[in-house]
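Computation of the quantities below employed the complete heavy-atom set of this structure, encompassing side-chain atoms and omitting hydrogens, waters and symmetry-equivalent molecules.
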Amino acid sequence: MAQLLAAAWQARERAYAPYSGYAVGAALLTGDGQVVTGCNVENASYGLTCCAERVAAFQAVARGLGGWQAMAVVAQGEELPYPCGACRQVLAELAPTLTIVVANEKERAVTTMDQLLPHRFRLENEPS
Ligand code: THU
């Protein structure tokens with residue numbers, strides 16, 4: 001867990017967040033033990049911003065890395081950086097049993113996708 005958090009803090013250094021000033025890092029531990037990282041990437045057209053969690057998740061998909069075990073999400077500030085609603089929906093579909101650890105400079109908390117998003121939206125033809 002310490003290693004995953006360290007990777008997330010390192011990824012956060014590459015955040016592109018000139019509008020919010022809020023830099024986020026994420027690190028995903030895949031089934032074969034690889035760590036895939038992400039940072040938030042903002043845009044002058046604000047709605048195009050992509051969160052650190054989805055950058056990491058989509059990168060892992062693109063690299064063909066499944067069996068995700070845990071994701072660390074880190075940011076500085078008073079509030080722990082729990083994933084936003086959009087990221088919860090994405091992560092819950094791609095990795096329903098994922099463990100999430102969120103941390104700031106002072107504290108950390110561990111939770112699961114089940115706790116973060118019960119009763120997520122699903123389609124009937126979703127792959128199992
Ligand atoms: N952000 C994330 O990277 N992850 C979240 O779960 C919530 C928000 C980013 C998006 C934006 O660049 C900045 O934090 C402020 O919302």
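- No continuous path of ILVMFWY side-chain contacts below 4.5 Å connects L98 to V110, so the two sit in separate hydrophobic clusters.
- Counting only heavy atoms from C-beta outward, the side chains of T111 and V102 never approach each other to under 4.5 Å.
- N104 contributes a side-chain N or O that, together with a main-chain N or O of G77, makes up a donor-acceptor pair within less than 3.5 Å.
- Closest approach of Y22 to Q76, counting heavy atoms only: CE1-O, 3.6 Å.
- The CD atom of E105 sits 5.5 Å away from the CH2 atom of W9 when rounded to the nearest 0.5 Å.
- Nearest approach of A103 to R108, heavy atoms of both residues: CB-CB, 3.8 Å.
- Connection of V41 to V73 is not established within any shared hydrophobic cluster, with ILVMFWY side chains joined at heavy-atom distances below 4.5 Å, either directly or through further cluster members.
- Using a 4.5 Å cut-off between side-chain heavy atoms of Ile, Leu, Val, Met, Phe, Trp and Tyr, with links allowed through other members, Y82 and V74 fall into different hydrophobic clusters.
- Atoms OG and OH, on S45 and Y19 in that order, are 9.5 Å from each other to the nearest 0.5 Å.
- A salt bridge is defined here as a Lys NZ or Arg NE, NH1 or NH2 lying under 4.0 Å from an Asp or Glu carboxylate O, and K106 with E78 meets this definition.
- At a cut-off of 3.5 Å, with distance as the only test, no side-chain donor of Q10 or T37 sits close to an acceptor on the other residue.
- What you find for A60 and V36 is that their closest heavy atoms are N-CG1, 3.9 Å.
- Distance alone, capped at 3.5 Å, places no donor-acceptor pair between the R12 side chain and the A75 backbone.
- Between V90 and F58, some side-chain heavy-atom pair lies under the 4.5 Å cut-off.
- Between the CD atom of E93 and the CG atom of L123 there is a distance of 7.5 Å, given to the nearest 0.5 Å.
- Of all heavy-atom pairs spanning L91 and E53, the tightest one is CD1-CB, 4.4 Å.
- In this structure, Y16 is not a member of the same hydrophobic cluster as V24, with clusters built from ILVMFWY side-chain heavy atoms closer than 4.5 Å.
- When hydrophobic clusters are built by joining Ile, Leu, Val, Met, Phe, Trp and Tyr residues whose side-chain heavy atoms come closer than 4.5 Å, directly or via intermediates, L80 is grouped together with I100.
- Taken from CG in L94 to CH2 in W68, the straight-line distance is 4.5 Å, to the nearest 0.5 Å.
- Summarising the geometry of N43 relative to T49, their closest heavy-atom pair is N-OG1, 3.5 Å, with the distance given to 0.1 Å.
- Taking 4.5 Å as the limit, every side-chain heavy atom of M113 sits out of range of all side-chain heavy atoms of R120.
- Closest approach of T30 to Q69, counting heavy atoms only: O-NE2, 2.9 Å.
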